[in-house]
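Treat the numbers as computed from the prediction; the structure is a model and nothing was measured. Just so you know, these numbers use all the heavy atoms, side chains as well, and skip hydrogens, waters and symmetry mates. Order of appearance sets the numbers: ligands from 1, and atoms from 1 within every ligand.
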Amino acid sequence: MLAIVAKYGLTVKAIVITHAHIDHIGGAQKLKQATGAPVYMNPEDDELQEMLEAQAAWLGMAPPAPVTIDSPARDGDRLMVGATEFHVLHTPGHTPGSIGLWLPQERKLAAGDTLFRDGIGRTDLPGGDGRQILRSIRDKLLPLPEDTVVIPGHGENTTIGRRSG
Ligand SMILES: [Zn+2]
């Protein structure tokens with residue numbers, strides 16, 4: 001991330017964590033230290049971050065430094081960065097505090113691990129809930145405009161309107 005920031009001469013204004021799984025939060029403290037940007041996360045994932053050592057042990061890796069959250073990111077919150085508005089959508093299920101970031105003007109959604117191209121996030125890890133993720137997708141994501149580009153936490157982009165097969 002820092003290489004991309006340097007390459008394009010960018011300034012990081014905010015670090016938003018979609019959920020507290022180690023592969024999504026593990027680098028946040030380093031990024032915060034390097035940029036001084038405030039960190040946002042939904043408080044319902046605080047408990048998962050407290051399990052970072054356990055998460056690291058599952059993967060057989062050293063635990064990364066935990067990150068201090070500066071601001072809670074709650075459903076309906078709006079974050080202005082430059083001229084771009086980001087809407088926080090709380091989409092529990094993959095984790096209790098999973099959020100998506102919707103950029104209505106740009107017609108984009110950063111979906112975390114809630115929605116993938118032709119798939120959805122796993123719900124078998126601690127805090128996961130299969131019914132809840134389906135409810136989140138139905139109530140929070142499917143109502144977005146069909147041409148919204150979905151940027152998932154893993155894999156290729158998709159759109160809200162895309163039908164598989
Ligand atoms: Zn995840």
Side-chain angles (χ1 to χ4, degrees), residues 1-5 12 14-35 37-77 79 86-103 108-144 148-160 162 164:
M1 275 187 204
L2 288 172
I4 292 168
V5 167
V12 176
I15 300 165
V16 181
I17 297 168
T18 59
H19 64 293
H21 279 155
I22 193 166
D23 53 331
H24 296 265
I25 197 173
Q29 176 57 20
K30 273 191 195 165
L31 191 61
K32 181 182 183 177
Q33 256 169 4
T35 62
V39 177
Y40 295 75
M41 189 177 82
N42 186 279
E44 290 191 39
D45 263 11
D46 285 349
E47 226 174 289
L48 258 186
Q49 187 179 204
E50 286 160 18
M51 293 172 58
L52 215 48
E53 282 192 26
Q55 293 191 50
W58 298 336
L59 300 172
M61 59 185 281
V67 64
T68 305
I69 308 302
D70 298 288
S71 284
R74 295 200 168 92
D75 193 56
D77 283 357
L79 180 62
F86 295 75
H87 294 213
V88 174
L89 308 176
H90 183 211
T91 52
H94 177 64
T95 68
S98 280
I99 57 170
L101 269 189
W102 179 41
L103 292 66
K108 285 180 185 154
L109 171 77
D113 285 355
T114 298
L115 185 63
F116 300 120
R117 184 176 167 110
D118 299 335
I120 66 171
R122 61 190 290 183
T123 55
D124 58 326
L125 295 171
D129 185 323
R131 285 170 188 267
Q132 213 174 29
I133 196 171
L134 292 175
R135 217 178 301 132
S136 290
I137 291 168
R138 185 191 64 198
D139 296 347
K140 300 281 179 59
L141 304 187
L142 294 186
L144 301 179
T148 303
V149 172
V150 178
I151 305 159
H154 302 273
E156 277 178 75
N157 287 358
T158 182
T159 64
I160 290 296
R162 182 171 189 275
S164 63

Passing candidate, side chain to side chain donor-acceptor pair (under 3.5 Å) with H94, options H21, R122, Q132: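 The residue from H21, R122, Q132 that satisfies side chain to side chain donor-acceptor pair (under 3.5 Å) with H94 turns out to be H21.
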Backbone of [Y] reached by a side-chain donor or acceptor of [X] within 3.5 Å:
{"X": "Q49", "Y": "V67", "value": "yes"}
{"X": "T91", "Y": "S136", "value": "no"}
{"X": "K30", "Y": "P64", "value": "no"}

Looking only at N, O or S atoms, find the one in [X] nearest to the Zn ion (ligand 1) and name it.
{"X": "H21", "answer": "ND1"}
{"X": "D113", "answer": "OD2"}
{"X": "H94", "answer": "NE2"}

For a distance under 2.8 Å, tell me if H24 has an N/O/S atom near the Zn ion (ligand 1). no
